[in-house]
There are 2 protein chains.
Amino acid sequence: MSRIEPLSADMFDADCGHRMPFRVGDKWSAMLLRCLEAGPRRFTELKVPLHRVSPKVLTETLRAMERDGWVSRTAYDENPPRVEYALTALGRALLDPMDHLCAWTRAHRAEILGVREEYAQGE
Amino acid sequence: MSRIEPLSADMFDADCGHRMPFRVGDKWSAMLLRCLEAGPRRFTELKVPLHRVSPKVLTETLRAMERDGWVSRTAYDENPPRVEYALTALGRALLDPMDHLCAWTRAHRAEILGVREEYAQGE
DNA sequence: AGTGCCGGTTACTTCAAGGGAACCGGCTGT
DNA sequence: ACAGCCGGTTCCCTTGAAGTAACCGGCACT
């Protein structure tokens with residue numbers, strides 16, 4: 001058995017790139033990214049597929065994504081008001097790694113569920 | 001401007017594969033995956049690079065990953081006790097999409113931080 | 001007899017994300 | 001005059017993840 005290198009104490013400092021990308025972890029961002037994939041959407045439109053989200057949380061999430069440059073927000077001076085959210089180039093670039101992750105999930109979902117069931121038996 | 005398809009109301013049911021993979025979102029799983037990349041590790045060894053994690057949370061996270069089939073836990077009947085955690089084939093397969101995501105983060109970190117600063121100015 | 005190591009467990013606390021319900025301004029339509 | 005639409009905001013509450021501190025059993029070493 002070969003010797004394995006010891007793990008360094010600062011593998012996971014803030015700038016190391018091993019942490020998951022900012023905010024992919026929160027509950028709605030990834031799904032919002034997917035909602036905006038095909039083109040700009042309005043606030044109310046986004047609530048349809050995300051029908052469990054409250055307006056408060058939707059605003060929060062969109063603001064955070066805007067702050068990180070993933071989406072742009074465009075308000076048109078009309079009545080009734082119209083606001084459109086769209087992916088920026090940066091947000092669009094994130095779709096590619098996201099797709100990989102989604103593909104992994106689809107490919108292994110059944111396997112994971114099986115393991116879980118086994119594990120539950122052994123308790 | 002071309003017409004964009006409306007978003008369906010059931011885009012994100014539990015089985016759709018658009019949700020982020022199980023538990024990549026929690027605080028430590030992704031980093032643990034990275035710690036185990038080079039080979040099996042012992043409990044105490046894992047605490048070194050993750051020096052901010054408490055034994056309780058480390059146990060919880062490892063158990064959850066075990067439950068989902070990402071890691072295996074092997075206890076040797078020695079003294080002092082020795083326990084080794086290792087990636088399963090499933091866990092190892094997850095490294096690939098993770099790498100894509102990490103690469104994205106490294107590539108765009110500066111850009112995001114720049115956008116954040118701009119955004120902070122405008123407030 | 002006391003100390004330390006290993007891999008945890010237990011009980012308690014903290015904290016931020018998320019959820020729910022109500023409300024808002026400005027205009028339109030009836 | 002009143003209701004409705006849009007894109008929110010505000011206040012309050014719940015929940016669950018995470019953190020903190022103390023402790024455990026079994027053996028070995030001194």
Side-chain angles (χ1 to χ4, degrees), chain A residues 6-7 12 14 19-33 35-36 40-68 70-86 119 122-123, chain B residues 6-7 12 14 19-33 35-36 40-68 70-86 119 122-123:
Chain A
L7 297 165
F12 300 106
R19 288 178 184 283
M20 291 305 283
F22 318 63
R23 138 166 1 276
V24 167
D26 77 359
K27 187 164 180 179
W28 300 103
S29 293
M31 285 188 269
L32 270 172
L33 222 60
C35 287
L36 295 172
R41 299 290 179 182
R42 302 176 60 172
F43 191 87
T44 314
E45 256 180 308
L46 293 170
K47 287 171 72 176
V48 175
L50 307 176
H51 56 284
R52 312 274 302 170
V53 77
S54 67
K56 176 200 145 211
V57 172
L58 183 54
T59 306
E60 281 174 4
T61 308
L62 286 167
R63 288 279 192 282
M65 294 172 78
E66 196 192 348
R67 185 182 62 114
D68 286 354
W70 296 12
V71 305
S72 63
R73 178 181 183 279
T74 312
Y76 298 90
D77 196 8
E78 302 176 356
N79 223 281
R82 184 164 64 98
V83 177
E84 275 190 353
Y85 294 92
Y119 190 95
E123 291 200 314
Chain B
L7 296 166
F12 300 107
R19 288 179 184 282
M20 292 304 283
F22 317 65
R23 138 168 355 280
V24 167
D26 77 359
K27 187 164 180 181
W28 300 103
S29 294
M31 286 189 268
L32 269 172
L33 221 62
C35 286
L36 295 171
R41 299 293 178 181
R42 303 177 58 173
F43 190 86
T44 314
E45 257 180 309
L46 293 169
K47 287 171 72 176
V48 175
L50 307 175
H51 58 283
R52 312 272 303 171
V53 78
S54 68
K56 176 200 145 212
V57 173
L58 183 53
T59 305
E60 281 174 4
T61 309
L62 285 167
R63 289 276 193 282
M65 293 172 78
E66 197 193 346
R67 185 182 62 114
D68 285 355
W70 297 12
V71 303
S72 63
R73 178 182 183 277
T74 312
Y76 297 90
D77 196 7
E78 301 175 359
N79 222 280
R82 184 162 65 97
V83 177
E84 277 191 354
Y85 294 92
Y119 190 95
E123 290 198 317

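Convention: sequence-line order gives letters A, B, ...; per-chain numbering from 1.
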Choosing from D:dC6, D:dA18, C:dG20, which nucleotide comes nearest the side chain of A:S54? C:dG20

When you check the phosphate oxygens OP1 and OP2 of D:dG7, does a side-chain N or O of A:R42 lie under 4.0 Å from one of them? yes

Separation of atom CD in B:E45 from atom C1' in C:dG7, rounded to whole Å: 13 Å

Whole angstroms only, please: what is the CZ-P distance between B:F43 and C:dC5? 16 Å

If you find the nucleotide of DNA chain D closest to A:K56 and the one closest to B:P81, which residue's nucleotide is nearer the 5' end? A:K56

Atom CG of B:L62 and atom CD of B:E66: how far apart are they, to the nearest 0.5 Å? 8.5 Å

N or O in side chain of A:T44 less than 4.0 angstrom from D:dG7 OP1/OP2: yes

Partner of B:V53 under side-chain contact (heavy atoms from CB on, under 4.5 Å), picked from B:L46, B:L58, B:T61, B:L32, is B:L58

Verify the contact: side-chain N or O of A:R82 to OP1 or OP2 of C:dG26, cut-off strictly under 4.0 Å; return yes or no. no

Looking at C:dG8, I'd like to know if its phosphate oxygens (OP1 or OP2) sit under 4.0 Å from a side-chain N or O belonging to B:T59. no

On DNA chain C, does the nearest nucleotide to B:L62 precede the nearest nucleotide to A:P55 from the 5' side, or the other way round? Give the residue. B:L62

Tell me whether the guanidinium CZ or amine NZ of B:R82 lies under 6.0 angstrom from the six-membered ring centre of B:Y76 and within 45° of its axis. yes

Whether B:K27 contacts D:dG19 is assessed here as follows: a side-chain N or O lying under 4.0 Å from the phosphate OP1 or OP2. Is that the case? yes

Without swapping roles, check the side chain of B:E45 against the backbone of B:R42 for a donor-acceptor pair under 3.5 Å. yes

Can you tell which of D:dG7, D:dC27, C:dG19 lies closest to the side chain of A:W28? C:dG19

Would you say C:dG7 has OP1 or OP2 under 4.0 Å from some side-chain N or O of B:Y76? no

Could you state the CD-C1' distance from B:E60 to D:dT20, rounded to the nearest angstrom? 13 Å

Measuring from the side chain of A:N79 (C-beta onward, heavy atoms only), which nucleotide among C:dG8, D:dC27, C:dG26 has the closest atom? C:dG26

Using whole Å, report how far OH of A:Y85 lies from P of D:dC6. 14 Å

Taken to the nearest whole Å, NZ/A:K47 to C1'/C:dG19 is 13 Å

Let me know the distance between CG of B:D77 and P of D:dG26, rounded to the nearest Å. 12 Å

Is any side-chain heavy atom of B:Y85 closer than 4.5 Å to a side-chain heavy atom of B:R41? no

Quick one: is C:dT9 close enough that its OP1 or OP2 comes under 4.0 Å of any side-chain N or O from B:R63? yes

Rounded distance in Å - NE2 (B:H51) to P (D:dT20): 12 Å

Rounded to the nearest angstrom, tell me the gap between atom CG in B:D26 and atom C1' in D:dA18. 10 Å

